[in-house]
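Would you mind keeping the following structure in view while I ask a few things?
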There are 2 protein chains.
Amino acid sequence: MPATRRPTLHDVAQEVGVSAKTVSRVLNGDGPTSAATREKVLAAVERLGFQPNLMARNIRTGGPDTTIGLVVPDMGNPFFGTVAGGIESAVRGRGLTLLLGSSGDDPARERDLISTFLARRVSALMVAPAVGSDHAYLKAARATGVPVLFLDRPATGLAADCVVSSNRDGARTGVAHLIAYGHRRIGFIGDRPAGLYTRRERLAGYRDALAAAGLPYDRALVAAAHSQQDAAAATDRLLGLPDPPTALFAANNFAAMGTVVALAQAKRREVALVAFDDIPLADILEPPLTVVAQDPAAIGAAAGRTALARLDGDRGSARTTVIDTRLVVRGSGEQRPRR
Amino acid sequence: MPATRRPTLHDVAQEVGVSAKTVSRVLNGDGPTSAATREKVLAAVERLGFQPNLMARNIRTGGPDTTIGLVVPDMGNPFFGTVAGGIESAVRGRGLTLLLGSSGDDPARERDLISTFLARRVSALMVAPAVGSDHAYLKAARATGVPVLFLDRPATGLAADCVVSSNRDGARTGVAHLIAYGHRRIGFIGDRPAGLYTRRERLAGYRDALAAAGLPYDRALVAAAHSQQDAAAATDRLLGLPDPPTALFAANNFAAMGTVVALAQAKRREVALVAFDDIPLADILEPPLTVVAQDPAAIGAAAGRTALARLDGDRGSARTTVIDTRLVVRGSGEQRPRR
DNA sequence: ATGAAAGCGCTAACAT
DNA sequence: ATGTTAGCGCTTTCAT
């Protein structure tokens with residue numbers, strides 16, 4: 001069976017015996033239409049299975065495409081999946097659809113995707129940046145009026161809207177929780193590279209908590225890891241120090257997993273642990289894992305709302321929205337230090 | 001600053017002093033062009049920051065939009081996120097981008113999304129169906145030549161390409177593993193409703209394994225759950241039976257989590273467990289969780305390849321691709337039955 | 001090697 | 001209440 005040509009507005013018009021514009025009016029409900037023609041038109045639309053070509057419509061109206069371009073480092077990461085879901089919920093009512101691409105944390109690929117999305121004339125562009133990408137080149141794009149918004153981390157080299165977690169505050173709270181249980185030497189296992197925004201913020205929170213408690217900051221207790229394996233190795237290393245930490249703060253979700261695995265394998269259940277970002281099954285680990293939970297759905301929703309506000313003409317200066325984190329106490333932070 | 005109008009092909013042409021068509025030729029490399037004009041054109045393109053409007057191009061060429069529409073029940077589920085990533089990798093080389101929507105397992109919303117995607121003239125449509133949706137209505141759409149492809153479950157009411165895991169075989173292998181360790185009463189905690197494809201297949205595999213070992217099938221050992229909480233409750237119920245199972249087979253990932261949680265809370269570590277679908281941290285649970293792992297990236301990749309083949313003119317009849325599952329032995333299946 | 005005109009499917013702006 | 005014309009930004013077709 002050869003592919004039947006998709007019916008056009010014209011086909012419907014001919015079928016009914018009216019002009020294309022009349023059909024258009026019925027479908028979009030702008031001009032006035034008699035009830036009789038409206039009915040006939042709708043019947044013909046149904047019969048032919050007509051679907052207006054959205055691209056043609058967008059071209060003619062000159063407006064942007066009714067899509068939001070979203071670039072994330074990794075789709076398999078439920079954090080970004082949930083963020084995407086939050087965006088979708090927020091913009092669905094406005095008829096916007098998500099165009100999604102993953103950069104694999106490669107700045108070049110991220111640029112490619114952004115460029116494709118802009119060529120598609122997306123209504124708005126949202127980017128959860130890859131490690132090491134710079135966004136100064138987006139200034140030109142933004143001058144054309146496309147709202148550009150950053151997720152999880154602010155843009156580099158560009159003042160743009162962004163939505164982030166309360167990284168510093170969250171980390172401070174998590175570390176303060178450990179300090180409250182008597183820990184004075186607390187290891188920090190964070191992301192790499194050291195300059196990475198989320199790592200920097202969370203490390204700052206860690207130092208805030210130490211300072212507030214009058215504890216010294218010891219660089220020997222700070223490790224960097226960019227994979228679960230790395231984090232496990234870093235955990236082993238910290239625990240092997242001459243004057244080892246009695247508690248650990250894992251500053252992101254794979255650090256959390258790596259640390260949990262390392263502690264379990266080393267049978268070091270007495271080491272207290274708080275992690276940034278929640279993980280599945282945290283409550284049945286032994287001990288149950290205390291975390292500083294992010295709210296990815298809220299991040300997505302806030303991003304969606306900000307984009308809509310920009311599309312509605314909000315020309316205010318770049319705005320940073322901070323989404324609260326929440327300390328979820330489950331037990332692993334309450335192990336007392338052993339001496 | 002007012003939004004600067006996006007430059008068009010015409011603007012570039014004027015800037016250089018040639019016709020629009022010449023610019024088009026340079027950019028698409030079809031007609032012949034002199035090296036001199038090519039250079040001038042490219043310079044002007046760079047200077048103006050011109051990006052061809054993909055929608056306009058698609059309209060004119062009459063081809064489908066260079067997107068693949070993907071509908072999944074839930075974006076936050078890493079299974080679907082990873083599937084999406086697999087699709088993207090497979091089709092990226094052909095310049096196709098993902099248009100993504102989540103149905104929230106609501107058939108009406110799924111239909112809406114599909115309809116929007118078709119109106120956008122996607123090159124291909126991929127659907128991981130919501131529970132309870134019927135797809136007979138897609139026959140019309142498919143007659144227009146859009147490849148339609150189902151993920152995770154086959155279509156209902158329509159013969160279409162689909163890519164699924166080896167559910168039956170995988171379940172059989174997982175249950176056989178339990179039988180090999182001496183279990184004769186094995187509980188099955190599956191999805192709801194009972195008619196759901198994946199549940200049916202996995203239950204069939206469970207029965208295959210029982211039959212192969214000459215064990216009776218006892219309906220009292222089969223439970224249904226559609227959330228982690230449900231699954232935990234079902235686990236408690238099965239363990240409370242007069243003649244309780246000594247092992248459990250959790251037939252999907254939330255059943256897995258629910259069962260793990262229930263066993264941990266009831267301190268019933270001696271109950272053997274195998275789960276369908278891998279979960280994070282499975283290897284540090286106590287005991288480490290043995291699973292029948294799916295390969296979502298391979299599912300996505302296969303789907304992408306199938307779609308490309310269809311776009312390349314493959315008109316063969318509907319094809320079902322089965323992606324192998326893999327038994328990952330970690331320990332929880334090796335608890336011996338207590339008597 | 002380049003340009004002019006026509007048209008993809010639709011809607012804005014003016015008719016009637 | 002409906003039709004006509006023009007044109008969105010691009011590419012096809014046919015000239016030159």
Side-chain angles (χ1 to χ4, degrees), chain A residues 3-42 44-45 48-66 95 116 118-123 144-145, chain B residues 3-42 44-45 48-66 95 116 118-122 144:
Chain A
T4 25
R5 195 176 59 79
R6 304 273 261 269
T8 71
L9 208 59
H10 243 92
D11 298 331
V12 178
Q14 276 196 321
E15 174 94 358
V16 181
V18 295
S19 81
K21 180 63 210 182
T22 301
V23 178
S24 168
R25 275 197 266 256
V26 170
L27 262 44
N28 298 307
D30 39 47
T33 47
S34 83
T37 45
R38 180 161 44 249
E39 239 170 88
K40 281 193 291 186
V41 165
L42 291 176
V45 163
L48 299 180
F50 169 75
Q51 283 185 302
N53 186 321
L54 253 40
M55 290 189 292
R57 161 138 74 214
N58 284 332
I59 272 274
R60 176 61 248 225
T61 54
D65 189 14
T66 53
T116 307
L118 291 174
R120 301 196 68 93
R121 305 299 191 261
V122 292
S123 294
T144 67
Chain B
T4 25
R5 197 175 58 79
R6 303 273 260 268
T8 72
L9 208 58
H10 240 92
D11 299 331
V12 179
Q14 278 197 320
E15 174 94 359
V16 182
V18 295
S19 81
K21 179 61 211 179
T22 300
V23 178
S24 168
R25 275 198 265 258
V26 170
L27 261 43
N28 298 306
D30 40 47
T33 47
S34 83
T37 45
R38 179 159 47 250
E39 236 169 273
K40 280 193 290 185
V41 165
L42 291 176
V45 163
L48 300 181
F50 169 75
Q51 282 184 302
N53 185 323
L54 255 38
M55 290 189 292
R57 172 183 299 175
N58 284 332
I59 272 273
R60 176 64 247 228
T61 55
D65 189 13
T66 53
T116 307
L118 291 174
R120 301 195 70 92
R121 304 298 191 262
V122 292
T144 65

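So you know, we letter chains A, B, ... as the sequences are listed, proteins then strands, and number each from 1. None of these values were measured; they are calculated from a predicted model.
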Does any residue of residues 13-22 of chain A have a heavy atom under 4.0 Å from DNA chain C, and if so, which ones, in number order? A/K21

Heavy-atom nearest pair, B/T66 first then B/N58, reads N-ND2, 3.9 Å

Once you round to the nearest 0.5 Å, how far does CZ of A/R6 lie from CG of B/L118? 6.0 Å

Value in whole Å for how far the P atom of C/dC10 lies from CZ of A/R6: 11 Å

Nucleotide range of DNA chain D lying under 4.0 Å from chain B heavy atoms: D/dG9 to D/dT12

Quickly work out the B/D30 CG to C/dA1 C1' distance and round it to whole Å. 13 Å

Show every salt bridge (Lys or Arg N to Asp or Glu O under 4.0 Å) that has at least one partner inside residues 8-18 of chain A, sequence neighbours left out. A/R5-A/D11, A/E15-A/R47

Step by step, work out the side chain to side chain contact (heavy atoms under 4.5 Å, CB included) result for A/T8 and A/N53. CA-CA 8 Å; A/T8 71; A/N53 186 321; over 6 Å; no

Residues from residues 34-41 of chain A lying under 4.0 Å of DNA chain D - heavy atoms: A/S34, A/T37

Which residue is it: B/V12, B/L9, B/V41? I am looking for the one with a side-chain contact (heavy atoms from CB on, under 4.5 Å) to B/S24. B/L9

List the residues meeting side chain to side chain donor-acceptor pair (under 3.5 Å) with B/S34, not counting sequence neighbours, and say none if there are none. B/T37

To check you understand the geometry: which heavy-atom pair defines the closest contact between B/A20 and B/A13, and what is its length? N-CB, 3.6 Å

Need the bend value for the helix from C/dA1-D/dT16 to C/dT16-D/dA1: angle between end axes, 5 pairs each end, nearest 10°. 40°

Where do B/V45 and B/L27 land on the side chain to side chain contact (heavy atoms under 4.5 Å, CB included) test, with the steps shown first? CA-CA 9 Å; B/V45 163; B/L27 261 43; 4.1 Å; yes

With B/T33 via side chain to side chain donor-acceptor pair (under 3.5 Å) - residues at least two apart: B/R38

Residue-level proximity of residues 48-58 of chain B to DNA chain C when a heavy atom falls under 4.0 Å: none

Would you please name every residue forming a side chain to side chain donor-acceptor pair (under 3.5 Å) with A/T22, sequence neighbours left out? A/S19

In whole angstroms, how far is the C1' atom of C/dG7 from the CZ atom of A/R60? 14 Å

Is there any protein nitrogen or oxygen under 3.5 Å from a nitrogen or oxygen in nucleotides 14-16 of chain C, and what are the pairs?
none

Where at least one partner belongs to residues 55-66 of chain B, residue pairs that pass salt bridge (Lys or Arg N to Asp or Glu O under 4.0 Å), sequence neighbours excluded: A/R120-B/D65

Distance from B/I59 atom CD1 to A/M55 atom CE, nearest 0.5 Å? 5.5 Å

Contacts of A/S24 and B/P32 projected onto DNA chain C by closest heavy atom; the upstream (5') one is B/P32

